[in-house]
Trainee: 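Here it is: the structure, laid out below.
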Amino acid sequence: MKLKILVTAGDGIGPEVTLEAVAVLRELAAAGGHTLEIEEKRIGGVAIVNDGTPLPAVTLAAALNSDAVLLGAVGGNEFNSLPPDKRPEAGLLGLRAALGGFANLRPAFAFKELAANSPLRPEIVDGADILFVRELLGGLYFGQPREWNRKTGEAWNTMRYTRDEVARVARVAFKLAQKRRKKLTSVDKANVLEVSQLWRATVIEVAAEFPDVTLDHQYVDAMSMHLMNRPRDFDVVLTENLFGDILSDESAVITGSLGMLPSATIGGKVNLYEPVHGSAPDIAGKGLANPLGAILTGALILRHSGGLEAEAAVIETAVRKVLEQGFRTPDLARSNPQGFTVLSTTEMGKKVRETVKASLVSV
Ligand code: NAD
Ligand code: IPM
Ligand code: MN
């Protein structure tokens, strides 16, 4: 198997965590006789500084010419006064639109070793295993018109969806639910928004194609509470773009840290892989970043772009083993700082690589 991966590490902790993810992928590829062709290009703030734009044409061309894109994170405080279309985040949104992936899969799996790191009680989070399917190319992020009119002191964005946009992401979510616990929760605000009424009606129509999946609907405000009260009740959670952004970060509370969450965006020309977290300017450059979300994102590349299910599972198992052995980055060591071996970003990456290597030898 040969995989051509474009790495766009971006800003802040993006380069720190993607370095570790790529090193783990290389370890696995070497052992399995697979060829990884890795190319690197700039995106986000680092591209604004060097190329004058958050999404240089060479980055986009390389992305379209790859089998998979791994993105670290974009954004930095020095860009905060820029308008949305000039910011580092515009580079990421432009890349998402160009690659065309509309279904952003954000698994929130609560490793039992991290249950004590959650502010929720262990018996609430233990066993939680949710797959968020976030629509990624519609809603407020891309709807027109959008403007901040400084003269009148008004600003507006447009939440817009077509029936087809809802139906295609719903089909992805139902199919994934069929392979899991066959439960799908669709999240909307249909008590207030027309867009959500279209969303709900379309999801109900699509559900007829999947009679083996149990569908229920939640309003987003209530859902944000149910997620904290009873996370184990949810299997696949289908949401529009902004609701999915918010609820997936909230799920970090269930898993113990935002640094644990991976994502894969499918359905377009080239799949895009990103940890859920951002550039974390508050800890960037200090070796404090948790690389496990990025490393687990690497596993998703193998699963969804390489068809390498067994190899993806090797990475996921290695992460579990490292946690079992008591190794933690600082964000994971809240509950028992003395009882754990607290590692830096690179040390944690190395531990996972060693564990991957050992498990390959023992097979
Ligand atoms: P953030 O996700 O960067 O950080 C939120 C909090 O979580 C911070 O306290 C941070 O230190 C912590 N955190 C995040 N990832 C971590 C990790 N791997 N290990 C340990 N701790 C981690 O969100 P923010 O602070 O709201 O945003 C910072 C910048 O990142 C902004 O410019 C934002 O737009 C951008 N952002 C980018 C992406 C992306 O590129 N995919 C995603 C989210 C936010
Ligand atoms: C995410 C991020 C992005 C989003 C930003 C940086 C554009 O928060 O991937 O979750 O809102 O989609
Ligand atoms: Mn987000």
Side-chain angles (χ1 to χ4, degrees), residues 7-21 42-48 54-55 69-82 84-97 101-106 108 114 117 132 134-142 157 239-253 255-265 272-297 319 328-334 342-349:
V7 178
T8 54
D11 307 316
I13 64 169
E16 301 171 46
V17 297
T18 44
L19 191 71
E20 301 311 323
R42 285 191 286 265
I43 195 166
V46 66
I48 294 177
L55 181 57
V69 178
L70 171 62
L71 181 132
V74 296
N77 295 332
E78 61 274 43
F79 306 104
N80 283 350
S81 56
L82 293 174
D85 63 333
K86 303 272 184 297
R87 292 172 60 109
E89 291 84 347
L92 170 55
L93 295 173
L95 180 64
R96 286 178 182 170
F102 55 85
N104 178 218
L105 316 185
R106 299 191 157 189
L114 295 180
N117 205 54
F132 289 90
R134 170 190 177 194
E135 200 293 326
L136 206 64
L137 292 184
L140 284 165
Y141 282 71
F142 292 96
N157 291 90
T239 77
E240 68 87 50
N241 204 344
L242 182 64
F243 298 163
D245 179 43
I246 297 168
L247 293 182
S248 61
D249 264 35
E250 190 191 13
S251 72
V253 175
T255 62
S257 171
L258 188 51
M260 291 304 295
L261 300 176
S263 93
T265 303
L272 173 63
Y273 298 86
E274 329 167 35
V276 169
H277 65 74
S279 59
D282 53 340
I283 57 166
K286 298 177 180 163
L288 297 174
N290 179 353
L292 296 177
I295 289 171
L296 292 168
T297 300
V319 168
R328 300 284 188 275
T329 42
D331 57 307
L332 303 177
R334 273 192 313 218
V342 179
L343 303 180
S344 69
T345 310
T346 49
E347 287 166 344
M348 180 56 101

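Both counts, for ligands and for their atoms, begin at 1 and track the order of listing.
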Trainee: Mind checking the CG-CD1 spacing from L92 to I43? Nearest 0.5 Å is all I need.
Mentor: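 Going from CG on L92 over to CD1 on I43, the span is 6.0 Å.
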Trainee: Students should be able to answer this: which protein heavy-atom is nearest to atom 43 (C) of ligand 1, and at what distance?
Mentor: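 Going by distance alone, atom 43 (C) of ligand 1 is nearest to G278 CA, 3.3 Å.
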Trainee: For ligand 2, which atoms, with element, lie under 4.0 Å from some heavy atom of R106?
Mentor: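 Result: 1 (C), 9 (O), 10 (O).
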Trainee: Are M260 and L114 close enough, and set up right, to give a side chain to side chain contact (heavy atoms under 4.5 Å, CB included), and what steps lead you there?
Mentor: CA-CA 10 Å; M260 291 304 295; L114 295 180; 3.8 Å; yes
Trainee: How far apart are the C-alpha atoms of T297 and E274, what are their side-chain angles, what is the distance that settles it, and do they pass the side chain to side chain contact (heavy atoms under 4.5 Å, CB included) test?
Mentor: CA-CA 6 Å; T297 300; E274 329 167 35; 5.6 Å; no
Trainee: Which heavy atom in G349 sits nearest to a heavy atom in E20, and how many Å separate them?
Mentor: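 Taking every non-hydrogen atom into account, CA-OE1, 3.4 Å.
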Trainee: Quick test of your reading of the structure: of H277, R87, E274, M260, whose heavy atom lies closest to atom 15 (N) of ligand 1?
Mentor: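 Among H277, R87, E274, M260, the closest heavy atom to atom 15 (N) of ligand 1 comes from H277.
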Trainee: From atom 12 (C) of ligand 1, is the closest protein heavy-atom distance below 4.0 Å?
Mentor: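 No, there is no protein heavy atom closer to it than 4.0 Å.
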Trainee: Rounded at 0.5 Å granularity, tell me how far CG in L93 sits from OH in Y141.
Mentor: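 Taking CG in L93 and OH in Y141, the distance rounds to 7.5 Å.
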Trainee: Going by atom type alone, with no hydrogens or angles, which donor-acceptor pairs under 3.5 Å involve a side-chain atom of residues 276-288 and a protein atom two or more places apart or on another chain?
Mentor:
{"unit_1": "S279", "atom_1": "OG", "unit_2": "G75", "atom_2": "O", "d": "2.7"}
{"unit_1": "K286", "atom_1": "NZ", "unit_2": "D282", "atom_2": "O", "d": "3.1"}

Trainee: For atom 20 (C) of ligand 1, state which one of T8, I283, L92 supplies the nearest heavy atom.
Mentor: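 Among T8, I283, L92, the closest heavy atom to atom 20 (C) of ligand 1 comes from I283.
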Trainee: Hey, does the side chain of D11 reach the backbone of V46 with a donor-acceptor pair shorter than 3.5 angstrom?
Mentor: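 Here the side-chain-to-backbone pair exists.
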Trainee: Give the minimum heavy-atom separation between G45 and P88, together with the two atoms involved.
Mentor: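 Heavy atoms only, the tightest pair is N-CB, 3.4 Å.
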Trainee: For E89, take its heavy atoms, then give the atoms of ligand 2 lying under 4.0 Å from any of them.
Mentor: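 Listed by number with element, the hits are 6 (C).
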Trainee: What protein heavy atom sits nearest atom 8 (O) of ligand 2, and how far away is it?
Mentor: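 Looking only at protein heavy atoms, the one closest to atom 8 (O) of ligand 2 is D245 OD1, 3.2 Å.
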Trainee: Does the E135 side chain pair with the main chain of L137, one donor and one acceptor, at a distance under 3.5 Å?
Mentor: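 Answer holds: yes.
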Trainee: Restricting to distances shorter than 2.8 Å, give the number of protein N, O or S atoms close to the Mn ion (ligand 3).
Mentor: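 Number of qualifying protein atoms: 1.
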Trainee: List the closest protein heavy-atom neighbour of atom 29 (C) of ligand 1: residue, atom name, distance to the nearest 0.1 Å.
Mentor: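 Answer, as residue, atom name and distance: S279 OG, 3.2 Å.
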Trainee: Mark up the atoms of ligand 1 that fall under 4.0 Å of a heavy atom belonging to G75, in ascending order.
Mentor: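 The list of qualifying atoms is 32 (O).
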Trainee: Could you tell me whether a side-chain N or O of N104 sits under 3.5 Å from a main-chain N or O of L136, the two making a donor and an acceptor?
Mentor: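 No, the answer is negative, given that no donor and acceptor are paired below the 3.5 Å cut-off.
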Trainee: N/O of A280 under 3.5 Å from N/O of ligand 1, yes or no?
Mentor: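 Yes - when backbone and side-chain N and O of A280 are compared with those of ligand 1, one distance drops under 3.5 Å.
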Trainee: When you measure from the heavy atoms of G76 to every atom of ligand 1, does any distance fall below 4.0 Å?
Mentor: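 Yes, G76 has heavy atoms under 4.0 Å from ligand 1.
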Trainee: For atom 11 (O) of ligand 2, what's the nearest protein heavy-atom neighbour? Residue, atom name and distance, please.
Mentor: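 Going by distance alone, atom 11 (O) of ligand 2 is nearest to Y141 OH, 2.6 Å.
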Trainee: Is a side-chain donor or acceptor of R106 paired with a backbone partner of S263 at a separation under 3.5 angstrom?
Mentor: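 Checked: no pair found.
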Trainee: Please indicate whether any nitrogen or oxygen in P281 is less than 3.5 Å from any nitrogen or oxygen in ligand 1.
Mentor: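 No, since none of the N or O atoms of P281 sits under 3.5 Å from an N or O of ligand 1.
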Trainee: Determine whether any heavy atom of D11 lies closer than 4.0 Å to an atom of ligand 1.
Mentor: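 Judged by the 4.0 Å heavy-atom criterion, D11 does not count as contacting ligand 1.
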Trainee: Measure R134 to ligand 2 on non-hydrogen atoms and call it side chain, backbone, both or neither using the 4.0 Å cut-off.
Mentor: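 For R134, the contact with ligand 2 is made by the side chain alone.
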Trainee: To the nearest 0.1 Å, how far is atom 40 (O) of ligand 1 from its closest protein heavy atom, and which atom is that?
Mentor: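 Checking every protein heavy atom, the shortest distance to atom 40 (O) of ligand 1 gives V74 N, 2.8 Å.
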Trainee: How long is the gap from CG on N241 to CZ on F142, to the nearest 0.5 Å?
Mentor: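 Output value for this atom pair is 7.0 Å.
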Trainee: Please indicate, with yes or no, if any protein heavy atom is found under 4.0 Å from atom 27 (O) of ligand 1?
Mentor: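 Given the 4.0 Å cut-off, atom 27 (O) of ligand 1 does not count as touching protein heavy atoms.
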Trainee: Closest heavy-atom contact between P291 and T345?
Mentor: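 Heavy-atom minimum between the residues: CG-O, 3.6 Å.
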Trainee: Can you list the atoms of ligand 1 that are under 4.0 Å from a heavy atom of V276?
Mentor: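 Per the distance check, 42 (C).
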Trainee: Search all heavy atoms of E16 against all heavy atoms of A289 and return the closest pair with its distance.
Mentor: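 Taking E16 first and A289 second, the nearest heavy atoms are OE1-CB, 4.3 Å.
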Trainee: In the protein, what heavy atom is nearest to atom 10 (C) of ligand 1, and what distance, to one decimal place, separates them?
Mentor: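 Of the protein heavy atoms, D282 OD1, 3.4 Å lies nearest.
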Trainee: With backbone taken as N, CA, C and O and side chain as the heavy atoms from C-beta onward, which portion of I13 lies under 4.0 Å from ligand 1: side chain, backbone, both, or neither?
Mentor: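 Side chain only; the backbone of I13 stays clear of ligand 1.
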Trainee: Between E89, M348, R96, K286, which one has a non-hydrogen atom sitting closest to atom 31 (C) of ligand 1?
Mentor: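 The option holding the nearest heavy atom is E89.
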Trainee: May I ask you to list the atoms of ligand 1 that are less than 4.0 angstrom from any heavy atom of G259?
Mentor: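 Close to G259: 17 (C), 18 (N).
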Trainee: Output yes when a side-chain donor or acceptor of R87 lies under 3.5 Å from a complementary backbone atom of N80, and no otherwise.
Mentor: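 Yes; at least one donor-acceptor contact below 3.5 Å.
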Trainee: Checking contacts here: is it the side chain or the backbone of R96 that comes within 4.0 Å of ligand 2, counting heavy atoms only? Could be both or neither.
Mentor: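 Looking at R96 and ligand 2, just side chain atoms fall under 4.0 Å.
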Trainee: Atom 5 (C) of ligand 1: which protein heavy atom is closest, and how many Å away?
Mentor: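 The protein heavy atom lying closest is L258 CD2, 3.9 Å.
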Trainee: Any chance you could lay out the side chain to side chain contact (heavy atoms under 4.5 Å, CB included) test for L292 and L332, step after step, and finish with the verdict?
Mentor: CA-CA 11 Å; L292 296 177; L332 303 177; 4.1 Å; yes
Trainee: State whether any protein heavy atom lies less than 4.0 Å from atom 3 (O) of ligand 1.
Mentor: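 Flag for atom 3 (O) of ligand 1 set to true, protein heavy atom closer than 4.0 Å.
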Trainee: Closest heavy-atom contact between A108 and L261?
Mentor: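 Reported closest heavy-atom pair: CA-CD2, 4.0 Å.
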Trainee: Identify the closest protein heavy atom to atom 18 (N) of ligand 1: which residue and atom is it, and at what distance?
Mentor: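 Here the closest protein heavy atom is N290 O, 3.0 Å.
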Trainee: Against heavy atoms of A289, which atoms of ligand 1 measure under 4.0 Å?
Mentor: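 Checking each atom against A289, I get 19 (N).
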Trainee: Which heavy-atom pair separates G293 from P262 by the least distance, and what is that distance?
Mentor: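 Of all heavy-atom pairs spanning G293 and P262, the closest is O-CB, 3.6 Å.
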Trainee: Atom OH of Y273 and atom CG of L105: how far apart are they, to the nearest 0.5 Å?
Mentor: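 Rounded to the nearest 0.5 Å, the OH-CG separation comes to 8.5 Å.
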